Amino acid sequence: MTIRVIIVDDQAMVRAGFAALLSAQSDIDVVGEAADGRRGIEVARAARPDVVLMDVRMPELDGLGAVREILDPPPGVVHRPKVLMLTTFDIDDYVYEALRAGASGFLLKDAPPADLISAVRVVAAGEALLAPSVTRRLIADFVQQRPAPRKDPALRLNGLTPRETEVLELIARGLSNQEIAGSLVVAEQTVKTHIGRVLAKLDLRDRAQAVVFAYEAGLVRPGDTR
């Protein structure tokens with residue numbers, strides 16, 4: 001199945017470069033582009049892509065505002081694509097807020113071409129979180145400036161079983177499904193089942209939001225070690 005992608009970035013050269021790279025892949029089709037967040041929302045709703053590559057800082061409406069509108073659309077709009085944030089900074093509070101809003105992960109603009117291609121495929125497949133250890137560092141560094149966990153997320157943890165709580169903690173620490181399976185000595189499919197239940201019980205979109213939730217609930221704190 002072909003992955004439909006749109007690119008939202010205020011730099012024409014970036015859009016052209018990404019479009020050329022992705023269009024050269026047999027399983028990826030670039031179906032639209034936009035130079036600002038407001039136009040990006042319009043293109044996303046018209047083209048109905050599987051994945052949106054979204055720059056963080058843009059005129060008219062930045063990437064954060066655009067992500068919120070795309071993933072929390074008005075009544076009557078049912079299509080919700082995956083959103084992969086693009087940034088020139090590996091520690092960026094805008095990216096953190098975008099993950100909270102439902103973005104599926106982030107990618108540095110200067111990442112190798114193969115990483116961009118892989119990112120689109122990973123996000124489209126629903127894996128949601130690209131380079132979890134890097135995303136974990138981004139969230140940890142930002143949360144360190146806001147160390148007090150929110151009461152509501154902490155209370156919502158009570159609905160999880162001990163094993164589900166353990167799986168959530170390992171997700172937040174940046175472990176892949178395979179690594180979690182090895183740590184808990186269970187099958188990888190069992191891990192996927194636990195993750196699905198965690199997301200459903202906590203009403204979370206994907207692993208990216210699960211990482212944010214775990215930090216805000218105080219389940220994991222910056223600097224913790226196992």
Side-chain angles (χ1 to χ4, degrees), residues 3-41 43-44 49-68 70-71 81-145 173-176 206-209 211-212 215 222:
I3 302 169
R4 295 167 57 83
V5 177
I6 68 169
I7 302 167
V8 186
D9 194 293
D10 62 339
Q11 299 181 50
M13 290 292 288
V14 171
R15 296 198 308 273
F18 284 179
L21 177 66
L22 294 173
S23 295
Q25 309 305 309
S26 61
D27 61 336
I28 300 176
D29 186 13
V30 177
V31 296
E33 299 179 18
D36 62 71
R38 182 61 59 196
R39 177 59 180 158
I41 296 170
V43 174
D50 300 303
V51 177
V52 177
L53 295 182
M54 179 75 71
D55 190 17
V56 172
R57 292 185 171 90
M58 293 179 293
E60 298 296 331
L61 182 67
D62 65 14
L64 177 57
V67 167
R68 285 173 173 158
I70 289 174
L71 297 182
K82 304 291 186 181
V83 179
L84 181 63
M85 303 303 296
L86 301 171
T87 178
T88 54
F89 304 95
D90 62 350
I91 301 299
D92 191 326
D93 57 334
Y94 281 93
V95 178
Y96 173 86
E97 292 296 340
L99 291 174
R100 289 190 61 206
S104 294
F106 82 100
L107 184 70
L108 298 181
K109 284 188 178 180
D110 59 358
D115 285 2
L116 173 64
I117 296 168
S118 175
V120 168
R121 290 171 176 155
V122 166
V123 168
E127 294 298 328
L129 189 59
L130 178 70
S133 61
V134 178
T135 303
R136 178 190 58 183
R137 188 179 72 246
L138 179 151
I139 294 171
D141 284 3
F142 185 62
V143 172
Q144 198 164 21
Q145 302 170 29
R173 293 186 186 282
L175 275 67
S176 66
D206 53 35
R207 292 174 70 112
Q209 286 197 322
V211 174
V212 174
Y215 274 101

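Predicted, not measured: the structure shown is a model, and the values here were computed from it.
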Could you report the tightest heavy-atom contact between [X] and [Y], atom names first, then the distance?
{"X": "Q25", "Y": "I117", "result": "NE2-CD1, 3.4 Å"}
{"X": "P81", "Y": "V51", "result": "CB-N, 4.5 Å"}
{"X": "I70", "Y": "A44", "result": "CD1-CB, 4.0 Å"}
{"X": "V120", "Y": "I28", "result": "CG1-CD1, 4.0 Å"}
{"X": "I6", "Y": "G40", "result": "CD1-O, 4.0 Å"}
{"X": "D36", "Y": "P59", "result": "CB-O, 3.2 Å"}

Heavy-atom check, side chain of [X] versus side chain of [Y], under 4.5 Å:
{"X": "V30", "Y": "I7", "result": "yes"}
{"X": "L22", "Y": "L116", "result": "yes"}
{"X": "V5", "Y": "L53", "result": "yes"}

CE-CG distance between M54 and L107, expressed to the nearest 0.5 angstrom:
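So the gap between those two atoms works out to 14.5 Å.
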What's the spacing between R39 CZ and D10 CG if we round to 0.5 Å?
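R39 atom CZ to D10 atom CG measures 15.5 Å (nearest 0.5 Å).
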Take R68 and L71, measure what side chain to side chain contact (heavy atoms under 4.5 Å, CB included) needs, and give me the verdict at the end.
CA-CA 5 Å; R68 285 173 173 158; L71 297 182; over 6 Å; no
With a 4.0 Å cut-off on N to O distance, would you call D9 and K109 a salt bridge?
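K109 and D9: salt-bridged.
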Is the shortest distance from a Lys or Arg side-chain nitrogen in D27 or R121 to a carboxylate oxygen in the other one below 4.0 Å?
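Yes.
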Return each pair, listed once, that meets side-chain hydrogen bond (donor to acceptor under 3.5 Å, both in side chains) where at least one residue sits in residues 11-23; pairs must be two or more places apart or across chains.
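Every side-chain hydrogen bond (donor to acceptor under 3.5 Å, both in side chains) pair that includes a residue of residues 11-23, provided the two are not neighbours, is R15-E33.
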Can you name the residues that form a salt bridge (Lys or Arg N to Asp or Glu O under 4.0 Å) with D29, not counting sequence neighbours?
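For D29 there are no salt bridge (Lys or Arg N to Asp or Glu O under 4.0 Å) partners, ignoring immediate neighbours.
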Holding to salt bridge (Lys or Arg N to Asp or Glu O under 4.0 Å), I want the full list of residues that pass it with R4, two or more places apart in sequence or in another chain.
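Once residues adjacent in sequence are excluded, R4 has no partner under the salt bridge (Lys or Arg N to Asp or Glu O under 4.0 Å) criterion.
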Do L86 and F18 pass the side chain to side chain contact (heavy atoms under 4.5 Å, CB included) test, and can you show the C-alpha distance, the side-chain angles, and the key distance before you say yes or no?
CA-CA 11 Å; L86 301 171; F18 284 179; 3.5 Å; yes
Among V52, V67, D55, exactly one meets side-chain contact (heavy atoms from CB on, under 4.5 Å) together with M85. Which residue is that?
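When V52, V67, D55 are each tested with M85, the side-chain contact (heavy atoms from CB on, under 4.5 Å) holds only for V67.
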